[in-house]
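Below is one structure, written out as structure tokens; comments come after it.
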Amino acid sequence: MLSNMFIKDIRIKWENISERSYLKGIPAIASIDELSFEKPVTFFVGENGSGKSTLLEAIAVAYGFNPEGGTRNYSFSTYDSHSELCEALRISKGYSKPKWGYFLRAESFYNVATKEDEYSHYGGTPEFFHERSHGESFMQVVKSNFGPNGIYILDEPEAALSPQRQLTLLYEMNKCASCGSQFIVVTHSPILLGIPDADILSFDDGAIHRIKYEDTDSFKVMEMFINRREQVLDNLL
């Protein structure tokens with residue numbers, strides 16, 4: 001376990017959020033005033049619409065990342081869609097600063113890849129992300145930006161990756177976490193969720209709560225499908 005988390009905990013100042021805000025209608029988010037981070041790797045899991053990505057995005061923006069992704073040096077916007085939650089979020093930081101950081105999100109990766117290519121033409125190392133497949137570009141970002149003593153916030157990184165590449169990402173995350181990095185990750189991937197000693201926070205059932213790997217829907221559904229595929233398909237179809 002890290003002796004010092006770069007992000008130790010977050011607090012929501014609800015008085016800074018309007019009474020009519022849709023945020024108050026998201027049970028998992030509305031149920032908390034503060035949330036602590038205790039492990040090098042923390043996963044947010046839950047059904048679509050449960051508030052995982054909304055909270056993750058707010059954490060990233062409040063920490064200083066560009067809403068669409070990239071490093072803290074990125075400053076661009078193609079569509080302003082982040083919620084007011086980031087303005088009401090207060091982050092308690094650890095006593096040391098990360099050497100590096102990255103906010104990686106699947107839904108706006110094309111925009112970030114475009115900026116990565118643009119920046120490389122102005123003194124950076126050419127990466128030419130758009131000349132690669134989506135998954136290859138994703139892994140190149142990981143290779144170029146993940147390292148020891150960093151803070152990494154990832155939103156559904158498995159979206160572009162094959163199962164084999166998800167195992168590669170798991171390896172890279174675990175390696176970085178063992179060298180002082182911190183990860184906060186939204187995922188539905190039963191592969192990524194298998195990282196040893198990770199903290200898994202469920203956003204289901206109206207409140208954020210810690211659960212075991214075997215209790216995640218991602219694991220239970222995948223296990224059921226693999227072990228009883230014909231039965232599941234018969235019932236489904």
Same cluster for [X] and [Y] if Ile/Leu/Val/Met/Phe/Trp/Tyr side chains link at under 4.5 Å?
X: Phe43; Y: Tyr171; result: no
X: Tyr22; Y: Ile12; result: yes
X: Val221; Y: Leu237; result: no
X: Trp14; Y: Ile26; result: yes

Please walk me through it: do Gln140 and Ser144 pass side chain to side chain donor-acceptor pair (under 3.5 Å)?
CA-CA 6 Å; Gln140 183 60 46; Ser144 300; 3.0 Å; yes

Does [Y] offer a backbone N or O that forms a donor-acceptor pair with the side chain of [X] under 3.5 Å?
X: Glu47; Y: Asp204; value: no
X: Thr216; Y: Tyr213; value: yes
X: Asn145; Y: Val141; value: yes
X: Ser181; Y: Gly150; value: yes
X: Lys8; Y: Ser36; value: no

To check you understand the geometry: which heavy-atom pair defines the closest contact between [X] and [Y], and what is its length?
X: Ser50; Y: Ala28; result: O-CB, 3.6 Å
X: Leu169; Y: Met139; result: N-CE, 4.3 Å
X: Glu158; Y: Val186; result: OE1-O, 4.3 Å
X: Pro196; Y: Asn174; result: CD-OD1, 3.9 Å
X: Ser31; Y: Ala207; result: OG-CA, 3.6 Å

Step-by-step side-chain contact (heavy atoms from CB on, under 4.5 Å) determination, His209 to Ile211:
CA-CA 6 Å; His209 56 283; Ile211 62 173; 3.4 Å; yes

In this structure, are over 12 heavy atoms from other groups packed under 6.0 Å from [X] atom [atom1]?
X: Glu214; atom1: CD; value: yes
X: Lys24; atom1: NZ; value: yes
X: Glu15; atom1: CD; value: yes

Before we go on, tell me: are the rings of Tyr102 and Tyr152 under 6.0 Å apart, centre to centre?
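No: the rings miss the under 6.0 Å criterion.
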
What about the rings of Phe6 and Tyr95, do their centers lie closer together than 6.0 Å?
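Between Tyr95 and Phe6, which both carry aromatic rings, the centre distance is not below 6.0 Å.
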
Tell me, please, whether Tyr63 has Lys93 positioned over its six-membered ring: NZ or CZ under 6.0 Å from the ring centre and within 45 degrees of its axis?
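Verdict for Tyr63: a cation-pi partner in Lys93.
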
Check this for me: does any side-chain nitrogen of one of [X] and [Y] sit under 4.0 Å from a carboxylate oxygen of the other?
X: Lys220; Y: Glu223; result: no
X: Glu156; Y: Arg105; result: no
X: Asp197; Y: Lys39; result: yes

Plane angle bin for Phe65 and Phe103 - parallel if under 30°, tilted between 30 and 60°, otherwise perpendicular
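Rings of Phe103 and Phe65: tilted, 30 to 60°.
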
Could you tell me if the side chain of Val45 sits less than 4.5 Å from the side chain of Leu193, heavy atoms only?
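Yes, close enough: below the 4.5 Å cut-off.
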
Are any of the side-chain heavy atoms of Arg210 and Glu38 separated by less than 4.5 Å?
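Yes. Closest side-chain heavy atoms under 4.5 Å.
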
Quick one: ring-ring contact (aromatic ring centres under 6.0 Å, His included) partners of Phe225, sequence neighbours excluded?
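By the ring-ring contact (aromatic ring centres under 6.0 Å, His included) rule, Phe225 matches no residue at all.
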
CA sep, side-chain torsions, deciding dist, call: His188, Asn48, side-chain contact (heavy atoms from CB on, under 4.5 Å)
CA-CA 10 Å; His188 295 284; Asn48 294 337; 3.5 Å; yes

Can you tell me if Thr42 and Asp199 form a side-chain donor-acceptor pair at under 3.5 Å?
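Asp199 and Thr42 do not have a side-chain donor-acceptor pair below 3.5 Å.
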
Linked hydrophobic residues, Met222 as query - side chain contacts closer than 4.5 Å:
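Hydrophobic cluster check, Met222: joined to Ile226.
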
After noting the C-alpha distance and the side-chain angles of Glu84 and Ile17, does the key distance pass the side-chain contact (heavy atoms from CB on, under 4.5 Å) rule?
CA-CA 7 Å; Glu84 61 184 306; Ile17 296 177; 3.9 Å; yes

Between Ser92 and Asp9, does the side chain to side chain donor-acceptor pair (under 3.5 Å) criterion hold? Intermediate values first, please.
CA-CA 5 Å; Ser92 293; Asp9 58 64; 2.9 Å; yes

